[in-house]
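Chain naming here is simple, since letters A, B, ... match the order of the sequence lines and numbering starts at 1 in each.
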Amino acid sequence: QSALTQPASVSGSPGQSITISCTGTSSDVGSYNLVSWYQQHSGKAPKLIICEFTKRPSGVSNRFSGSKSGNAASLTISGLQAEDEADYYCCSYAGRSTLIFGGGTKLTVL
Amino acid sequence: QVQLVESGGGVVQPGGSLRLSCAASGFTFSSYGMHWVRQAPGKGLEWVTFIRYDGSNQYYADSVKGRFSISRDHSKNILYLQMNGLRAEDTAVYYCGKDRVALAGPSDLDYWGQGTLVTVSS
């Protein structure tokens with residue numbers, strides 16, 4: 001099964017909003033309400049920031065939000081801050097108790 | 001607080017074996033499914049395997065099926081990954097992760113370990 005499709009990189013200035021897309025298929029993103037997003041700073045372990053497409057785990061800033069449309073999901077970060085510079089990965093349940101990740105998106109804060 | 005600490009990584013020759021461990025604390029280990037996820041140097045995340053909370057079933061990515069085996073010991077709160085027939089493409093940092101939903105899953109990973117590096121090279 002192929003990885004979910006994400007843009008390789010996005011960038012934005014402090015205070016702006018950016019959106020990262022994640023495109024799957026009707027066999028994964030389109031079929032289950034189990035898309036999550038992870039933030040990974042360089043050299044660190046990933047951190048869960050969005051689950052079930054739109055839910056924020058406790059302690060995650062409300063500047064992070066998620067949405068769904070058909071076979072795709074999106075992560076929006078509003079009020080961009082320097083500390084948001086990191087790699088972002090989407091992940092979906094893919095049936096048969098398996099998960100599939102996106103290729104990752106590098107966010108640069110200008 | 002939830003803690004996951006991996007160990008067992010190292011350098012191994014192609015075709016060799018290695019067993020990774022993940023010591024879990026701060027939650028009821030026997031109530032949550034567990035995952036292994038890997039990340040090759042400079043690459044993205046790849047889901048590897050999941051074991052149900054009670055150890056009754058295990059699931060694998062096609063890339064490791066038949067070579068890797070996940071297991072868990074509830075008396076020690078330890079998750080394992082036995083890796084056999086290792087290949088150069090298995091070189092990666094291996095993370096263990098806790099599934100978010102109790103007595104179910106897989107859903108997503110709400111806690112991750114710091115990772116352990118496995119290098120497959122002659």
Side-chain angles (χ1 to χ4, degrees), chain A residues 1-9 20 22 24 27-29 31-60 66 73 75 86-107, chain B residues 1-6 9 22 32-65 68 70 92-117:
Chain A
Q1 196 166 14
S2 299
L4 306 177
T5 301
Q6 298 180 234
S9 62
I20 300 172
C22 171
S27 297
D28 39 62
V29 174
S31 289
Y32 308 99
N33 284 328
L34 285 173
V35 167
S36 51
W37 288 89
Y38 301 86
Q39 176 191 61
Q40 186 180 34
H41 286 108
S42 181
K44 302 295 187 182
K47 173 189 175 183
L48 178 67
I49 57 173
I50 295 289
C51 58
E52 295 181 22
F53 278 107
T54 62
K55 298 179 180 179
R56 275 189 312 276
S58 174
V60 174
L75 171 71
D87 294 326
Y88 291 84
Y89 294 91
C90 62
C91 178
S92 175
Y93 181 77
R96 298 182 183 180
S97 294
T98 64
L99 300 180
I100 186 168
F101 281 93
T105 299
K106 181 177 181 59
L107 169 62
Chain B
Q1 69 283 20
V2 173
Q3 277 200 313
L4 299 170
V5 180
E6 301 96 335
C22 170
Y32 291 87
M34 298 292 294
H35 302 259
W36 288 97
V37 173
R38 68 185 180 182
Q39 186 169 35
K43 303 296 184 182
L45 301 174
E46 179 187 13
W47 176 82
V48 175
T49 179
F50 171 77
I51 185 168
R52 287 182 58 82
Y53 66 96
D54 57 0
S56 59
N57 290 94
Q58 305 81 36
Y59 305 90
Y60 301 91
D62 289 343
S63 58
V64 305
K65 201 172 294 182
F68 288 13
I70 187 173
V93 173
Y94 284 75
Y95 296 100
C96 68
K98 169 187 167 292
D99 199 85
R100 181 175 53 88
V101 180
L103 307 178
S107 59
D108 36 62
L109 290 76
D110 59 353
Y111 290 92
W112 298 61
Q114 84 288 352
T116 186
L117 177 63

> Which value, rounded to the nearest 0.5 Å, describes the distance between B/Y95 atom OH and A/Q40 atom CD?
Replying inline: 4.5 Å

>> If I take atom OH from residue A/Y89 and atom CG from residue B/L45, how far apart are they, to the nearest 0.5 angstrom?
In response: 5.0 Å

>> With a 4.5 Å cut-off on side-chain heavy atoms, are B/W47 and A/C91 touching?
In response: no

> Is the OH atom of B/Y59 crowded by more than 12 outside heavy atoms at less than 6.0 Å?
Replying inline: yes

> Heavy-atom distance under 4.5 Å to chain A: side chain of B/R100, backbone, both or neither?
Replying inline: side chain

>> Minimum heavy-atom separation for A/A45 and B/G113, please, with both atom names.
In response: CB-O, 3.2 Å

>> So, using disulfide bond (SG atoms under 2.5 Å apart) as the criterion, who are the partners of A/C51 when residues are at least two apart?
In response: none

> In terms of heavy-atom pairs under 4.5 Å, which option from A/L48, A/L99, A/I100 contacts chain B the most?
Replying inline: A/L99

> Highest number of heavy-atom pairs under 4.5 Å with chain B: which of A/P46, A/S92, A/A94, A/A3?
Replying inline: A/P46

> Hey, which residues of residues 53-60 of chain A are touching chain B, say heavy atoms under 4.5 Å apart?
Replying inline: none

>> Only heavy atoms, only distances under 4.5 angstrom. Which residues in residues 31-39 of chain A are near chain B?
In response: A/L34, A/S36, A/Y38

> Where along residues 33-43 of chain B does a heavy atom come under 4.5 Å of chain A, listed by residue number?
Replying inline: B/H35, B/V37, B/Q39, B/K43

> Which bit of A/E52 is near chain B, if near means a heavy-atom gap under 4.5 Å: side chain, backbone, both or neither?
Replying inline: both

